[in-house]
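Below, all heavy atoms of this structure are taken into account, side chains as well, without hydrogens, waters or symmetry copies.
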Amino acid sequence: MSFYLAIVSPLDSPLFELSFPSAKPPPGTAAASSTSSFPSWSTFTAANGSDLGTDGSGGKIGGSLGLLNGESKSGPEKDRAMCQMIAHKSLDSVEEMMEGTGSLYLKNIDRHNEWIVSAFIATNVKFVLLHDIKNDDGIRLFFLDVWESYVKILLNPFHTVNTPIRSPVFESKIRASARRNL
């Protein structure tokens, strides 16, 4: 199990991103043999762990399709790019749900393969969480903790509103809240 949090400004630019594994073991399953904590489809690997993008002789199939100058992305970078794409794709659904409801917490607003998207709207800033389990109460409490931490960052006179958050204290508070609630 894993989670991806994105805090998005009113102009749809990312303010903060964090991906983290769940502190709680999945119910009724043994430890996963994969090196990635993200769902199996996101790592672009076969069940045995081999890279699906090779032709068996070690060469890449398709060369460097979609990549500049032959660069390739490693597993964690692929996971991060996939999570970013899903989170930003779901912003349209978030904005549609915002208009129809007065609630701050929007649970299960979108779904992409194994990922479920939940959101929390506060002062036009969107907190988007990708998760693969249903834990509505824990996710709601997590969002409230994130909101409280975000407000404390905004109250800092040295922080400019709608700029990326690069505070290690903020990140540690988010991680602690995730361990407690998710």
Side-chain angles (χ1 to χ4, degrees), residues 1-23 32 34-45 51-53 60 62 64-98 104-135 138-139 142-143 145-147 149-150 153-154 159-168 170-175 177-179 181-182:
M1 292 186 296
S2 57
F3 299 91
Y4 174 80
L5 172 71
I7 300 176
V8 182
S9 76
L11 302 174
D12 291 342
S13 61
L15 299 177
F16 182 78
E17 297 177 307
L18 181 65
S19 57
F20 45 90
S22 174
S34 172
T35 58
S36 175
S37 63
F38 289 95
S40 59
W41 58 267
S42 68
T43 58
F44 304 132
T45 57
D51 188 357
L52 292 177
K60 290 277 186 189
S64 61
L65 293 175
L67 298 173
L68 300 174
N69 300 327
E71 64 189 32
S72 65
K73 292 188 174 186
S74 66
E77 290 175 11
K78 287 180 190 176
D79 289 340
R80 183 169 179 245
M82 181 65 75
C83 289
Q84 285 176 339
M85 187 267 312
I86 295 168
H88 288 281
K89 174 192 81 78
S90 68
L91 287 177
D92 291 334
S93 300
V94 170
E95 289 173 0
E96 286 176 11
M97 294 284 289
M98 276 174 43
L104 296 176
Y105 172 49
L106 307 172
K107 61 181 175 182
N108 305 334
I109 58 164
D110 201 0
R111 188 171 186 91
H112 183 83
N113 290 344
E114 299 170 11
W115 291 103
I116 301 169
V117 180
S118 295
F120 187 85
I121 312 302
T123 63
N124 290 328
V125 174
K126 300 165 203 86
F127 301 102
V128 180
L129 180 70
L130 276 62
H131 52 96
D132 52 359
I133 60 167
K134 280 194 157 195
N135 179 7
I139 291 171
F142 172 72
F143 275 139
D145 287 348
V146 172
W147 185 23
S149 298
Y150 178 73
I153 285 287
L154 291 181
H159 179 75
T160 305
V161 177
N162 292 334
T163 58
I165 300 169
R166 293 189 171 84
S167 169
F170 180 76
E171 182 176 337
S172 67
K173 285 182 181 180
I174 301 302
R175 287 187 186 277
S177 176
R179 277 191 299 274
N181 297 309
L182 300 178

Point to revise | Ile7 vs Val146 side-chain heavy atoms within contact, under 4.5 Å | key: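 The answer is yes; the side chains approach within 4.5 Å.
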Practice item. Flag the pair Leu182 / His131 as yes when at least one side-chain heavy-atom distance between them is below 4.5 Å, and no otherwise. Key: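 Side-chain contact under 4.5 Å: no.
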What are the two closest heavy atoms between [X] and [Y], and how far apart are they?
| X | Y | answer |
| --- | --- | --- |
| Phe3 | Pro21 | CD1-C, 4.4 Å |
| Ile174 | Phe142 | O-CE1, 3.7 Å |
| Ala87 | Tyr4 | CB-CE2, 3.9 Å |

Review point. Can any side-chain N or O of Ser118 pair as donor or acceptor with the backbone N or O of Asn108 at less than 3.5 Å?
Key: yes
Point to revise | Asp145 side chain to Ala178 backbone, donor-acceptor under 3.5 Å | key: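 Absent.
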Taking side chain to side chain contact (heavy atoms under 4.5 Å, CB included) as the test, write out the residues that go with [X], two or more places apart.
| X | answer |
| --- | --- |
| Ser9 | Leu11, Ser13, Leu15, Asn162 |
| Ile109 | Val94, Met97, Leu106, Val117, Ala119 |
| Ser167 | Ile153, Ile165, Val169, Phe170 |

[atom2] on [Y] to [atom1] on [X], rounded to 0.5 Å:
| X | Y | atom1 | atom2 | value |
| --- | --- | --- | --- | --- |
| Ile86 | Leu91 | CD1 | CG | 12.5 Å |
| Gln84 | Leu130 | CD | CG | 11.0 Å |
| Arg111 | Ser93 | CZ | OG | 13.5 Å |
| Phe143 | Leu104 | CZ | CG | 11.0 Å |

[X]: which residues meet the side-chain hydrogen bond (donor to acceptor under 3.5 Å, both in side chains) condition with it, sequence neighbours left out?
| X | result |
| --- | --- |
| Ser90 | none |
| Ser149 | none |
| Lys89 | Asp110 |

Practice item. Write out all pairs satisfying salt bridge (Lys or Arg N to Asp or Glu O under 4.0 Å) with one or both partners inside residues 117-129, taking only residues at least two apart or from two chains. Key: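 Checked against salt bridge (Lys or Arg N to Asp or Glu O under 4.0 Å) - neighbours excluded - the pairs reaching residues 117-129 are Asp12-Lys126, Glu95-Lys126.
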Review point. Are the aromatic ring centres of Tyr150 and Phe16 under 6.0 angstrom apart?
Key: no
Practice item. Mind running side-chain contact (heavy atoms from CB on, under 4.5 Å) on Leu129 and Phe120 for me, showing each step along the way? Key: CA-CA 9 Å; Leu129 180 70; Phe120 187 85; over 6 Å; no
**Study point:** Listed partners of Arg175 passing salt bridge (charged side-chain N to carboxylate O under 4.0 Å, His left out), at least two apart
**Key:**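 Result, salt bridge (charged side-chain N to carboxylate O under 4.0 Å, His left out) vs Arg175: Glu171.
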